[in-house]
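The structure presented is a predicted model; accordingly, all values stated were derived computationally and were not measured.
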2 protein chains.
Amino acid sequence: MKKSSRLSLALHALVHLHAQPDKVLTSQALASCLMTNAVVVRRALGELREAGLVVASKGPNGGWALARPAEEITLHQVYAAMDERLLLRTESDPGDKACAIVRSVDRVMSEFLDDAEALLAARLTRIRLADIAKDAMGAGFPRLG
Amino acid sequence: MKKSSRLSLALHALVHLHAQPDKVLTSQALASCLMTNAVVVRRALGELREAGLVVASKGPNGGWALARPAEEITLHQVYAAMDERLLLRTESDPGDKACAIVRSVDRVMSEFLDDAEALLAARLTRIRLADIAKDAMGAGFPRLG
DNA sequence: TTTCATGTAACTATTATTGTTACATATAGA
DNA sequence: TCTATATGTAACAATAATAGTTACATGAAA
């Protein structure tokens, strides 16, 4: 993993968990699939756990599993849980805010971005984890890395 | 300038140019206003020049000026000129794309983001540079840094 | 032809993100 | 209860992206 992001990493992990509903997968197993480190997986899934999307169990035979069916998990829930912003925030340095123009640029952009954020949120709510999984399964699954 | 972005930097500069329509402002003068370096200003405004939004003149009394009134410059034009993305792209590492799930996540997200991008573009087209400038002037202009 | 501006390449510094190591905590099973 | 195995998390290192700097070429006005 290099240019990826926490959001797509989380989605990738969630699809893997959905693909093997009878198993719990360890961070290490998922890390191999996602070509990254087990701690990175824990960090990402930890946020999803706090949001109640996945459950973690410790000890032998422990690992991760979906907390509910993929049909009941929306991308918006994942997005909100990761506390990641799809829209880049163009906040200025506090020092620059002495300038009225900077404040106006920030204000107009914030207004626009808040508005846009709401639009995106509504659309993300309509996409479910199951939709991504279906897409992946229908693709001929040549290598579920 | 620290946490800023090229887009808000460009907007800030454009409002300054609009605020003094009779003058051409040098990169150095703008850099002082924007609390950054003259080369950074040139880099940002250079992109706007290529897009035909501003004009630059060399030599004594040279500098930058708007190519047309602020009423005829939309945020979308600025946004497109800077080649900056408001939506973060969640592209995966080429190596990871051997995995069908990664490709599906990327595909679903791309679809969503392309769609969202079009929405944002439409909205950015409706905001003009003059709108930001009006906001700044109406704010009591205590310090045009 | 001198002066002052942009244009740009090359390099450094800073920041954010990701990856790694190490260790504490908890749980299943012998 | 002891051991093996998993998560949870802090602290640190490595990497990549961004901003800032220096240096110098180019072009235009007086």
Side-chain angles (χ1 to χ4, degrees), chain A residues 1-10 12-13 17 23-51 53-65 67 82-85 88-96, chain B residues 1-10 12-13 17 23-51 53-67 82-86 88-96:
Chain A
M1 189 180 70
K2 230 181 303 184
K3 275 183 69 182
S4 198
S5 71
R6 285 162 56 253
L7 177 58
S8 55
L9 181 85
H12 188 179
L17 292 178
K23 284 190 195 173
V24 293
L25 300 179
T26 66
S27 301
Q28 185 52 57
L30 284 167
S32 301
C33 294
L34 316 196
M35 298 175 74
T36 184
N37 188 288
V39 175
V40 175
V41 171
R42 283 191 204 114
R43 285 205 278 241
L45 293 192
E47 302 190 59
L48 301 184
R49 174 176 46 72
E50 286 173 20
L53 300 179
V54 299
V55 290
S57 52
K58 291 183 170 183
N61 306 318
W64 302 91
M82 300 302 291
D83 195 39
E84 192 165 291
R85 293 270 99 75
L88 57 82
R89 287 281 149 181
T90 65
E91 241 175 71
S92 302
D93 192 78
D96 298 1
Chain B
M1 189 180 71
K2 231 181 301 182
K3 276 182 71 183
S4 196
S5 72
R6 285 161 59 251
L7 179 56
S8 56
L9 181 86
H12 188 180
L17 293 179
K23 284 191 192 171
V24 293
L25 300 180
T26 66
S27 301
Q28 184 51 58
L30 285 167
S32 300
C33 296
L34 316 197
M35 298 175 72
T36 184
N37 187 287
V39 175
V40 174
V41 172
R42 286 192 201 111
R43 285 206 279 244
L45 293 192
E47 302 189 59
L48 301 183
R49 174 177 47 70
E50 287 173 20
L53 300 179
V54 299
V55 290
S57 51
K58 291 183 170 183
N61 306 320
W64 302 91
L66 294 185
M82 300 302 291
D83 195 38
E84 193 164 291
R85 290 275 150 304
L86 283 173
L88 59 82
R89 288 279 150 184
T90 64
E91 243 175 69
S92 301
D93 192 78
D96 296 2

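Of all the heavy atoms in B:Arg49 and B:Ala56, the pair that sits closest is CD-CB, 3.9 Å. The shortest heavy-atom contact between A:Val24 and A:Ala65 is CG1-CB, 4.1 Å. Here the shortest heavy-atom pairing between B:Ala38 and B:Ala31 reads N-CB, 3.5 Å. The two residues A:Leu9 and A:Ala44 make their nearest non-hydrogen contact at CD2-CB, 3.8 Å. Considering all non-hydrogen atoms of both residues, A:Ala67 and A:Val55 come closest at CB-CG1, 4.1 Å.
As a whole-Å value, the separation of A:Leu34 CG from C:dG19 P is 10 Å. Rounded to an integer number of Å, the gap from B:Leu45 CG to C:dT6 C1' is 11 Å. B:Gln28 places its CD atom 16 Å from the C1' atom of C:dT3, with the value rounded to the nearest Å. In this structure, CD of A:Glu47 is placed 12 Å from P of D:dG8, rounded to the nearest angstrom. When rounded to the nearest whole Å, the span between CG of B:Asp83 and P of D:dT18 equals 12 Å. Whole-Å rounding puts the B:Arg85 CZ to D:dA17 C1' distance at 17 Å. Going from atom CG of A:Leu30 over to atom P of C:dG19 covers 14 Å, rounded to whole Å. We find that CZ of B:Arg6 is positioned 7 Å from P of D:dA19, with the value rounded to whole Å.
Using a 4.0 Å cut-off, some side-chain N or O of A:Thr36 falls inside it from OP1 or OP2 of C:dG19. Taking 4.0 angstrom as the limit, B:Arg42 places a side-chain polar atom (N or O) nearer than this to OP1 or OP2 of C:dT6. OP1 or OP2 of C:dA5 has not a single side-chain nitrogen or oxygen of B:Thr26 nearer than 4.0 Å. Under 4.0 angstrom from either OP1 or OP2 of C:dT6 there lies no side-chain N or O belonging to B:Arg49.
Counting only heavy atoms from C-beta outward, the side chains of B:Met82 and B:Leu48 approach each other to under 4.5 Å. Using a 4.5 Å heavy-atom cutoff, the side chains of A:Arg43 and A:Arg6 are not in contact.
Inspection of the B:Trp64 and B:Thr26 side chains reveals no N or O donor paired with an N or O acceptor under 3.5 Å.
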When you compare the protein's N or O atoms with those of nucleotides 9-12 of chain C, which come within less than 3.5 Å of each other, and at what distance?
{"residue": "C:dA10", "atom": "N6", "partner": "B:Arg43", "partner atom": "NH1", "Å": "3.4"}

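Expressed to the nearest 0.5 Å, how far CG of B:Leu66 lies from CG of B:Leu17 amounts to 5.0 Å.
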Worked check of side-chain contact (heavy atoms from CB on, under 4.5 Å) between A:Leu53 and A:Leu45: CA-CA 9 Å; A:Leu53 300 179; A:Leu45 293 192; over 6 Å; no

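In the set C:dG7, C:dG19, C:dT27, C:dG7 carries the atom at the smallest distance from any side-chain atom of B:Trp64. When distances are taken from the side chain of A:Lys58 to each of D:dA6, D:dT21, C:dG7, the shortest belongs to D:dA6. In the set C:dG19, D:dG20, C:dT8, D:dG20 carries the atom at the smallest distance from any side-chain atom of B:Asn37.
Of the two residues near DNA chain D, A:Asn61 and B:Pro60, the one whose nearest nucleotide lies more 5' is A:Asn61.
Looking at heavy-atom distances under 4.0 Å, B:Gly59 makes contact with a base.
Axis angle, first five pairs versus last five pairs of the helix from C:dT1-D:dA30 to C:dA30-D:dT1: 10°, rounded to 10°.
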